[in-house]
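Since the structure comes first, as structure tokens, the remarks are kept for the end.
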2 protein chains.
Amino acid sequence: MSAISFELIKKDPGCAARLGSLTTTHGRIKTPIFMPVGTQATVKAMTPEELVEVGSQIILANTYHLYLRPGHELVARLGGLHRFMHWDRPMLTDSGGFQVFSLGELRKISEEGVKFRSHIDGSKHFISPEVSIAIQEALGADIAMCFDECPPYPAERSYVQKSLELTTRWARRCKEAHSRPDQALFGIVQGGMHPDLRRESARQITDIGFDGYALGGLSVGEEKEVMHAMMQECSDILPENSPRYIMGIGAPEDLVEAVYNGFDMFDCVMPTRNARNGALFTSFGRINIKAAIYAEDQGPIDSACDCYVCRNYSRAYLRHLYRSQEILASRLNSWHNLHFFLNLMKQMREAIGRGEFVKFRQEFYAARTSC
Amino acid sequence: MSAISFELIKKDPGCAARLGSLTTTHGRIKTPIFMPVGTQATVKAMTPEELVEVGSQIILANTYHLYLRPGHELVARLGGLHRFMHWDRPMLTDSGGFQVFSLGELRKISEEGVKFRSHIDGSKHFISPEVSIAIQEALGADIAMCFDECPPYPAERSYVQKSLELTTRWARRCKEAHSRPDQALFGIVQGGMHPDLRRESARQITDIGFDGYALGGLSVGEEKEVMHAMMQECSDILPENSPRYIMGIGAPEDLVEAVYNGFDMFDCVMPTRNARNGALFTSFGRINIKAAIYAEDQGPIDSACDCYVCRNYSRAYLRHLYRSQEILASRLNSWHNLHFFLNLMKQMREAIGRGEFVKFRQEFYAARTSC
């Protein structure tokens, strides 16, 4: 029996977009959904209650970071990650693979796993598929991810081919190692920007059989057009009756394209990271609040937005907070951006519910080009 | 007619502690009260709603900082400080004097006022009593403070004497310059650590006549015993039917001593600044959350505390957030510390209401020495 169940509720008549319901140990999620990233057991600058207020149904935490600090065994002794961080709703952990590969010179890959040095103190560590699963079971999220190799971009086709085969062997070991009955395990499809390799990887990973499937290795430096083309190429390579997750995306337009192509789950640090740099998302595109034109602007960030920030604070005040390096700047900017992303997902779900996703997508682009 | 009215509700039978009600343009305050400090038009890491939740009745903003950035005229054009920062309850601004004098080599005092250089960009500025009042009227707090000279500690008696006389001449000019009918103006008594000079200053300032009176120049580096002795010496030098404010204090024990000696209003950055450094206030004394002993501590900061933080988060999690330099660390620590300070004031008001402040004070010290 699986720790999760996925119900496909509706398919849009004009495209591959789909409405679903994913039931996990900690509750039900309406898909498509965006997962805010809580790297170090906190979505930066937000409380759990605020995450719920902006519409978060599920959040993501990073295995690599929590393994290093405070340590997964400590988290387990304290009752697991949900209890530790005061979040009693669905949660997903990544495998640590992407972070480890991002360390560059600090890591070394073998068949067995990856040796690396901590970005915090330089200490030596080793993560294998089995270790990644053990860490994720200790953290206790509702959904764990297979430990995969994410090839760099660009990469030789031969490297990408070898890499996806290693990822498949590691996926088998992850499934073998995984034992926690209240936790689902998702497989990850690699294959770089080669459609045929993506198909090959999808065939191998779905043959093993997982509770859900993800595309890894997108948003790794490729052009937007390449990324969106890959979404289209991969639109039908994952099983229809399982949740389909694209890891690490994305910008609002990436989310719209991904949903258009039939994907259900997404995560990205963009809303919170950009917020801390003063970059704010609106229905008419992005603005940067530090710009001098906002110095005396009494209007909200986005007059079409009904979030707490837009209801109560002016651009002039937000600019003042940002220039003054106040913590409240990071808070309010993160709040607005997360609300924007989660509200965008809600609008997309509603559009699919009405069978009008194609129209929604057209209007989304029209609004943005009008500014 | 005054912009505020103060009603003395009850005097404790065993000491000078008193319960009062201060009615301002933006609402009524129960005294004694602690005012969280919102230096740059934000109480660091807190939203206005959270300030209300922890029990804030009135907050303080800093004239010096807001004059430099974003500028008082900009704030006035945007509808005043209340609207700018989304705080519709009582507010007090200091005069800028203390901050300007703290600049040391960057400022020069004359009869006319103070020339100084900005700590932000080194630009040249001049604040006189008239300028301070103009800035404070533009900001529009419920209570403005006279521009005073705060002598350093230690200082020659002759310097302190001259300084308090300059403060009196400036107080006259402040009263003359002040015109906003919806804003109260408080006078400031100086005199260093010399009881007779404090009495002399109080006589001169009360002769001019203000809506309330403050002691300035305490908590400037003197020993605790000296500070507490000065509170006792000054217990009866301010009019009984006006609010009595000690500026810039203090630690919990300072607040207890000040209330014991009949003072009504206080402000200090201590709860928020200490919070950002991991220092937390509890009923049994201070702790620092970064200590290794809290690594696996599942208990709350203070089991006697019912604040949002103590209800939902463990010391282990707060330690993790602090070590990980997460914004949520500053948020939750500030939340708890402000709740502690404002709850302490509430407990003191209740003790005076019962006529048992002397007993309360004994129990306060007994609880702290027990750890």
Side-chain angles (χ1 to χ4, degrees), chain A residues 38-50 65-66 68-71 73-79 81 83-88 120 272 275-276 294-299 308-309 311-335, chain B residues 38-50 65-66 68-71 73-79 81 83-88 120 272 275-276 294-299 308-309 311-335:
Chain A
T39 298
Q40 302 191 109
T42 164
V43 175
K44 288 191 194 301
M46 301 286 288
T47 62
E49 289 80 3
E50 290 163 358
H65 290 86
L66 295 172
L68 289 179
R69 187 173 58 198
E73 288 165 342
L74 184 148
V75 172
R77 284 194 296 273
L78 294 174
L81 194 50
R83 184 165 164 195
F84 186 59
M85 69 182 286
H86 177 48
W87 175 261
D88 61 2
I120 299 173
T272 43
R276 297 195 303 282
Y294 303 125
E296 302 211 16
D297 191 332
Q298 303 210 40
Y308 165 76
V309 183
R311 280 185 279 114
N312 294 302
Y313 302 93
S314 66
R315 290 170 168 178
Y317 182 63
L318 294 170
R319 177 175 187 265
H320 165 68
L321 290 180
Y322 183 84
R323 290 178 72 223
S324 304
Q325 300 177 35
E326 283 287 349
I327 290 172
L328 193 57
S330 293
R331 289 189 58 181
L332 298 180
N333 293 350
S334 298
W335 191 316
Chain B
T39 299
Q40 302 190 108
T42 164
V43 175
K44 288 189 194 302
M46 301 286 289
T47 62
E49 288 80 3
E50 289 163 358
H65 290 88
L66 295 172
L68 289 178
R69 186 172 60 196
E73 288 165 343
L74 184 148
V75 172
R77 286 193 296 273
L78 293 174
L81 193 51
R83 183 166 165 192
F84 185 60
M85 68 181 287
H86 176 49
W87 175 260
D88 61 2
I120 300 173
T272 43
R276 296 195 303 281
Y294 303 125
E296 302 211 15
D297 191 332
Q298 303 210 40
Y308 164 77
V309 183
R311 279 185 280 114
N312 294 303
Y313 302 93
S314 65
R315 290 170 169 178
Y317 182 64
L318 294 170
R319 178 174 186 264
H320 165 68
L321 291 179
Y322 183 83
R323 291 177 73 222
S324 303
Q325 300 178 37
E326 284 286 351
I327 290 173
L328 193 57
S330 293
R331 289 189 58 182
L332 298 180
N333 292 351
S334 298
W335 191 316

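Each chain gets a letter, A, B and so on, in the order its sequence line appears, and its residues count up from 1.
For the set A:His65, A:Arg276, A:Arg323, the count of heavy-atom pairs under 4.5 angstrom toward chain B peaks at A:Arg323. Chain B forms the most heavy-atom pairs under 4.5 Å with one residue out of A:Ser314, A:Ser324, A:Pro70, and that residue is A:Ser324. Most heavy-atom pairs under 4.5 Å with chain B, from the set A:Ile327, A:Leu332, A:Asn312: that is A:Asn312.
Heavy-atom distances place no part of B:Leu81 under 4.5 Å from chain A, backbone and side chain included. Heavy-atom distances place both the backbone and the side chain of B:Glu296 under 4.5 Å from chain A. Contact of B:Ala41 with chain A is made through backbone and side chain together, with heavy-atom distances under 4.5 Å.
Residues A:Leu78 and B:Tyr317 are not in side-chain contact: their nearest non-hydrogen atoms beyond the backbone lie 4.5 Å or more apart.
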Given side-chain contact (heavy atoms from CB on, under 4.5 Å), test A:Leu66 with B:His320 step by step and report yes or no.
CA-CA 10 Å; A:Leu66 295 172; B:His320 165 68; 4.2 Å; yes
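Here the closest heavy-atom approach between residue B:Arg69 and residue B:Ile120 is recorded as CZ-CD1, 3.8 Å.
For B:Thr47, the side chain to side chain contact (heavy atoms under 4.5 Å, CB included) partners are A:Tyr308, A:Tyr313, A:Leu328, A:Arg331, B:Glu49, B:Glu50, not counting sequence neighbours. Under the side chain to side chain contact (heavy atoms under 4.5 Å, CB included) criterion, A:Glu73 pairs with A:Arg77, not counting sequence neighbours.
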